[in-house]
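What follows is a single structure, written as structure tokens, with notes after it.
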Number of protein chains: 2
Amino acid sequence: MQSSNFSTPDRPEILYSRLGRNAREGDSVITRLMAEALSRPRMLSLAAGFTDNRVLPGDLVEEAVHALAGTGGNAHLQYGMNVGRPGLRRCVAQLLKGYPGEEALDLDEEQCLVTNGSQQALYILVQMFCDPGDIVLVESPSYFVFLELLKGLGVRAVPMPADGEGRIDLPGLEELLARLRQSGEGDRVRLMYLMGAFANPSTRCIGEEEKTGLARILEGMERPIPVIEDMAYRELYFDRPFPARSLLSLEAWRDYPVFYLGTFTKPFATGLKTGFIASRASESLRVFARIKGHQDFGSAHFNQAILQHIFERGAYESHLWEIRKHYLEKCRVLETALRENGLPEAGWTWQSPQGGLLLWARARENMDTRMGSPFHRACLEQDILYVPGDLCFAGKAPSHFVRLSFGALDRDLIPEAVRRFCEAARVAAVCGADFTG
Amino acid sequence: MQSSNFSTPDRPEILYSRLGRNAREGDSVITRLMAEALSRPRMLSLAAGFTDNRVLPGDLVEEAVHALAGTGGNAHLQYGMNVGRPGLRRCVAQLLKGYPGEEALDLDEEQCLVTNGSQQALYILVQMFCDPGDIVLVESPSYFVFLELLKGLGVRAVPMPADGEGRIDLPGLEELLARLRQSGEGDRVRLMYLMGAFANPSTRCIGEEEKTGLARILEGMERPIPVIEDMAYRELYFDRPFPARSLLSLEAWRDYPVFYLGTFTKPFATGLKTGFIASRASESLRVFARIKGHQDFGSAHFNQAILQHIFERGAYESHLWEIRKHYLEKCRVLETALRENGLPEAGWTWQSPQGGLLLWARARENMDTRMGSPFHRACLEQDILYVPGDLCFAGKAPSHFVRLSFGALDRDLIPEAVRRFCEAARVAAVCGADFTG
């Protein structure tokens, strides 16, 4: 092979798969946001969904590794099982049964599998149920990384209608499903994606009444539509768990294919990248495990051993209580600063979060928060990053929402970040008036 | 939803994707092997491709975690980047340049990405280049987990013809490619999969002459066929690296899309599950990264920080020298036992491995080693597990090979395991004679 024949190994005539072409042509919001952050070292990020280094459990992890090393067998550094470490799978079942009203949840470690964060579980579930062109029903708004994942796999996200508070509009959903059936697309609806607690981006939680109403609608369908209940933020409540039980514990959902996703990442240590899936749909779980086997043949066993050790000695739960206080305080610092800088007077509103790492704010309808808008540019000029809300919608997107995160940014920097954010909002309100006027 | 309507949440009317159906109907050799192992607690496994707990780097990992905790910032427990930790990516580039003759390899961290073991890299490469029905060219024999992965994705593995030593029969390959072109399937050939060093299962290494010959053939093709050079075992040589340079360093391959896969798992700590891909095909690497972003949004950052720390202080390389001696010794114990138990006299042959964790043995052609064969059953009765060689072939499979591993089994147990294995071989030779006679 003469190198003179080829200018570069990026040979344009290489054939990609359909998925490869999607990925090549697709856009990544996170990549763009990170590029912006990296190009501005002074940037204060209200965008990153990271956790706070200040409360990451460095000591606990070190102690756990020391204890594991002390057992002498090095088994924690060996391969684990594809489905996950049995002891940690027991911890998962125990964690789920620890929620009020869920003590009797009839689920054991056999129904719990370990994954690379809950992200991998999302990916595999979409892979196993959806072919390109199929439909996943999502909330409005929904998790934007999930929306990108769907796009990458060539799957259509169809938003479920919602009321002003983000609750699923149940009669509207029935109509949507009827329309899809009538247009011959009934069988293309393959999954429903719900974020049950402190959703990304809205921090909304789904109450039991809404959950039961959903079950009633799905009951009326010819075929079951498997449901993902993503609970990645469930542990991150500020002072008490959201009272609704998981779908797994509700009688109305008893025999329905439900996939509960959780993680030890967001609530504990993002760097450990260990999540899980729990479901009574045992055949689907076997299919899931087989795909995971092909994908990586098991998540890092070392991390699982660490988490099991910490969980079993009760340190997981006690650490959670520390960080809950921490994030509550940061959230209130953020909200206070937003108020003190006059955002409510400028027409912005938000629901005060009761957990999670995010705040979802709505501007006046004529305020454009999208990338490239005067407001977005004004924020970048102030070295402030946020997530434009329109990215979190599958269908027609409103352009006047923002997602702010108080997770990663140091508490002491939040007031300054908010000051600049609000300054940008003032500038943009003027420019925007010029812009639209 | 009335629970009386449904007997089980495994609702048969659930619609799976094409991939989901493949996974549901597919079979997993590893799962079967592990089930056999678990059902026989006295089992001595010559099958498992695990590493030896005795030489896993418990102390080094503990020290690294202690040092990372001492830096105080907890950054090692935070999310990392999707493409991997920059410092570890530098280590990867350094590792590759550390091989004799490859010091000048023009590759830096930008061309190295971190994955969940090299398994994830294999999966993503197949996803991005192959649609169902497409073809991947594989060696004979090849890595059976990779063959399963292809089946799961609906991709056809087509074996390249080989000579008696497992070397690729280059004229035979040209004929194969011509036949595929003539039958209109030329464009379906999307990848070539090579194990460059101490291949699983054969422990064969690919010499430079063979590599250059391959380049000459691919040069003649209308389109490039991206090539995977899987080097998962490269570091596990016994006393010196195999002298052939990687495809990345060969002039004949200079501008060809080559994907070098390696890992910190097999040669160091399987429980850390950290591998990598290196390539100059930068567009393909961007596509790869985007798919990885959807799949897990980055591998565990903690593990990467540990490995970087160990690598940078030189402990990675010195640890490798310890385990090389260890595995060489275990390999020789295995070979000695095979000889002392009369296997050569019974017509078995093998190439003495120069690295890796495996021994690939060939019985007389009339000895059937497949699952369920008299020999296989006799081994199970003796509580011995091996990998039947036929599982490692994509096409027509010879039935008289076995893959033996000296990785996981304790050195002191190898002689007893071999004694039983050879006893089974004797029994089977008699039964087999009855069986076929």
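Remember, predicted model here, so these are calculated numbers, not experimental data.
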Return the option, out of [options], with the maximum number of heavy-atom pairs under 4.5 Å with chain A.
| options | result |
| --- | --- |
| B:R54, B:R24, B:H76, B:E25 | B:R24 |
| B:L77, B:I225, B:L153 | B:L77 |
| B:G73, B:G80, B:G117, B:S279 | B:G73 |
| B:E222, B:K151, B:E62 | B:E62 |
| B:Q119, B:H66, B:H301, B:H294 | B:H294 |
| B:G26, B:P226, B:P132 | B:G26 |

Ignoring hydrogens and angles, tell me if any N or O in the side chain of [X] forms a donor-acceptor pair with the backbone of [Y] under 3.5 Å.
| X | Y | answer |
| --- | --- | --- |
| B:N74 | A:L56 | yes |
| B:N116 | B:S299 | no |
| A:S118 | A:A121 | no |

Contact origin within [X] toward chain B - heavy atom pairs under 4.5 Å:
| X | value |
| --- | --- |
| A:I306 | side chain |
| A:K292 | neither |
| A:P57 | both |
| A:P224 | both |
| A:R190 | side chain |

Pick from [options]: which one has the most heavy-atom pairs with chain B under 4.5 Å?
| options | answer |
| --- | --- |
| A:T51, A:I124, A:T265, A:I291 | A:T51 |
| A:Q120, A:R18, A:Q295, A:K273 | A:Q295 |
| A:L149, A:N303, A:V61, A:D131 | A:D131 |
| A:G293, A:A75, A:A23, A:G271 | A:G271 |
| A:G152, A:C130, A:G275, A:A69 | A:C130 |
| A:V65, A:L15, A:D296 | A:L15 |

### Task
For this output row, return yes or no: ring centroids of B:F302 and B:Y79 closer than 6.0 angstrom.
no
### Query
So, do B:Y123 and A:F297 have ring centers that fall under 6.0 Å from each other?
no
Side-chain heavy-atom pair [X], [Y] within 4.5 angstrom cut-off:
| X | Y | result |
| --- | --- | --- |
| B:Y16 | B:N22 | no |
| B:T270 | B:F50 | no |
| B:T263 | B:T274 | no |

### Query
Crowded around A:K211 NZ? As in, over 12 foreign heavy atoms under 6.0 Å?
yes
### Query
Is B:R223 salt-bridged to B:D187, going by a charged N under 4.0 Å from an acidic O?
yes
### Message
What I want to find out is whether A:D106 reaches A:R280 closely enough, with some N-O distance under 4.0 Å, to be called a salt bridge.
### Response
yes
